[in-house]
Student: 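The structure that follows is given in the form of structure tokens.
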Amino acid sequence: MNRIKEMTKGAVSFIKGTPQKIKSGLKNFHLTRKVFSYPYILFLLLFVIVPTAMIIVRAFISEGKLSFDNFATFFTDGASLITLGNSMLIGVLTTVICLLVGYPVAFILSKMNSGKVLVMLFVLPMWVNFLIRTLATKALFQAASLPLGLGAVLFCMVYNYLPFMILPLHTTISGIDKSYVEAAQDLGADKVTVFVKTILPLSLPGIISGITMVFIPTISTFAITEFLRGNSDIYLFGDSIYIKFMNNAWGVGAVMSIIMLIMVLISNFFMSKLNDSNDGSQVGARLW
Amino acid sequence: MAKQPKNNNIIEICSVSKSYDTKPVVENISLSIKKGEFVTLLGPSGCGKTTTLRMIAGFEKPTEGVIKINGEDITTMPPHLRPVNTVFQKYALFPHLNVFNNVAFGLKLKRIPDGTTKTTKKGVVYENLRKLTKQEIKEKVDRALKMVDLEDYGHRNVNSLSGGQQQRVAIARALVNEPEVLLLDEPLGALDLKMRKDMQIELMQMHKKLGITFVYVTHDQEEALTMSDTIVVMRHGVIQQIGTPQKVYDEPANAFVADFIGESNIFSGTMCADCDVEFFGHHFECVDKGFKKNEPIDVIIRPEDIYVLPAENSGAMLKGVVDSCVFKGDHYQIIAIIDGEHELLIHDNTECKKGEEIGIFIKPFDLHIMHKARIINEVEGEMWDENTVEFCGGRFPCETTLPAGTKVKVKIDFDDVIVYDDEEDGIISGEVTSSIYKGSYYQCIIRTDESYYNFFVDTEDDWLKGDRVGLGVAPEKIIIEPIEEEKENADE
């Protein structure tokens, strides 16, 4: 961290430097737009690329030797696989509920003039700290003497991730040109057909971004289950990575992190693929 | 076809008005369109032509009035049930479908009688409906694509097509449903000039071949003159003239139509007697009769109807000095100054030199005499106090002693309205909606922000359409009459 600070200090003093200094520097160093990206590239290198590389290397080291033992341990451990399956299931459930709740909301909001203000209201909880929101949910469930467990976990997941579904959907749906709707009506489509045949397919990029924004964070969360698990034994993938690292099982933890990473890459790949097939039609979805 | 209307009209628009909030867009228009006719709604932007088309299509509901198709009242019928199809201004092709599926969109939703019938318990007989088969859809789509010369484009993504091709797909998509009326909303607006000319001819051929009714919206007068059977000229939501292209060009109903369609010289004059008109301080023979004696009128002369003669020729009616002469390919465009103040635009084959004196000859039947749309601005208002009158949302000082609260009629001469560059300087503000050159001055129409009254203003300056201006009037120039008196004298 200190090194970063020094580096940025250096960069700032360089930019703020006297004209003469810049002039002499210009001979071999040009102050182009590229220069301004250096601090970020450095940050990326130190805190994203290097740790990722370390995790990948760590996954292949077992008892000081290069081996696939960590992978074998993970894939033969029934409990870990069940956790993976469970968290996928909860992820899918959360995503489906978010989509079913979020789509109508986004659709109605995009029809309203004051929609933008209302969207802000829906997004507002995002600015409350995640832990506070989760603890508040727990307090609410306890106050209403509702049992903690799967229901509470799902509720909190949906509550936490719903804005991530509504926002891209709202952007996409309100970006759909009204003339498409009129053209469909003109060609004989009633209201339901207009929705099914034009609005729904045209909002596909928003649905995809929404799903990606909700599904991946859901399976990697661990705080929600930690607080709202109650007496049940719901462990998500995030939880088990956390536990593995806490128990100094670095190798297996690294393997699990890599699996997580691969899942993110796969979903991103599908998302960009689907977006390409819809090229030009939606600009809004690119925001996410 | 149970209800076959007696007359041949497919669309009837009866006293239709449309306003957004309080702003009128279309005011009390009535129009009948015959089966198979090519009708063009022509007018500058904001004249209500697109709104009229959208009301026929069903996207807008008229505030007042009735629209009938085939004699059936469809005023409140939703668009998907109407026997019309639209070609949209920006095509509105579905980006998630390829060309074939865009064209097939309407067909896939269509239900046709399958020949069998069903009788309900109450004894009502319904025809059973069925979807079109894939084969039928394919045949129809292929035929439609062939008609627009895009047979091999079915699998293409609509975004990969050029503007002209997208336009053709949009036309095929509308025509494949075999509508009784095809509505076209400035369909060629986005194309370049050459493409536009080609598409004009293709659309005309399609119209002839299909025999269905076309309602076409455009602001391009040349397009309207080329393609239409009937032109409907609109301004400020009001129909100015309905007629064949020849009629609209040769006998424009008023100065606006003359100015909008083709180039023209428009002058204010006076009708001294039948066949005797006076303008520029000269008397001319004309062929118009039936005007009141000394009625102020507009005289319209097409530039190609003015002949240039040598100055000393005995046939010359007027003498003018050439101000400019520009070669335009098939003619010279000459601007001559008459009596040092009136500009006259002439298209002639004679080349002139700047400063040269020329003689001018106009045939009597080329002088088109028109009633003035309005001789004076007349607006209803109310006295605010003894020396202030309120109208169009502004309070104007005036010279009258009528008590406050009296309803009055305010009259202001065209050249007594003062136009300010800065909205703040005027008492009320408004927007310039048109400006017509009348030889030595401009006649603008300024629509006020409040009450949307159109002020006619004669001014030295050429204001552009859309300019925001302030309006004021000198107190002594406001003519005020209480409304009660006006009513008593109404019979005169």
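Being a predicted model, the structure only gives us computed values, none of them experimental. Here is how names work: the chains are called A, B, and so on, in the same order as the sequence lines, proteins then strands, and each is numbered from 1.
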Student: At their closest point, which heavy atom of B:H80 faces which heavy atom of A:A189, and how far apart are they?
Tutor: CB-O, 3.2 Å
Student: Which atom names give the shortest non-hydrogen contact between B:F94 and A:Y180, and what distance separates them?
Tutor: CE2-O, 3.3 Å
Student: Name the option with the most non-hydrogen atom pairs under 4.5 Å to chain A; the candidates are B:T86, B:V84, B:V158.
Tutor: B:T86
Student: What's the separation between atom NZ in A:K197 and atom NZ in B:K108, rounded to the nearest 0.5 Å?
Tutor: 5.5 Å
Student: Kindly indicate whether the side chain of B:F105, heavy atoms from C-beta on, has any atom under 4.5 Å from the side chain of A:T193.
Tutor: no
Student: Are more than 12 heavy atoms, taken from residues, nucleotides or ligands other than B:K61, located less than 6.0 Å from that residue's NZ atom?
Tutor: yes
Student: Is the count of non-hydrogen atoms from other residues, nucleotides or ligands lying under 6.0 Å from B:F88 atom CZ greater than 12?
Tutor: yes
Student: Would you mind checking which part of B:L107 comes under 4.5 Å of any heavy atom in chain A, side chain (CB onward), backbone (N, CA, C, O), both or neither?
Tutor: neither
Student: Crowded around A:F269 CZ? As in, over 12 foreign heavy atoms under 6.0 Å?
Tutor: no
Student: For residues A:L187 and B:L109, report the shortest heavy-atom separation together with the two atoms involved.
Tutor: O-CD1, 4.0 Å
Student: Does any backbone or side-chain atom of B:N177 lie under 4.5 Å from a heavy atom of chain A? Answer side chain, backbone, both or neither.
Tutor: side chain
Student: Against chain A, label B:R82 side chain, backbone, both or neither, depending on which of its atoms sit under 4.5 Å from a heavy atom there.
Tutor: neither
Student: Among B:L93, B:L97, B:L81, B:V176, which residue forms the greatest number of heavy-atom pairs with chain A at distances under 4.5 Å?
Tutor: B:L93
Student: If you compare all heavy atoms of B:A92 against all heavy atoms of A:A183, which two are closest, and at what distance to 0.1 Å?
Tutor: O-CB, 3.9 Å
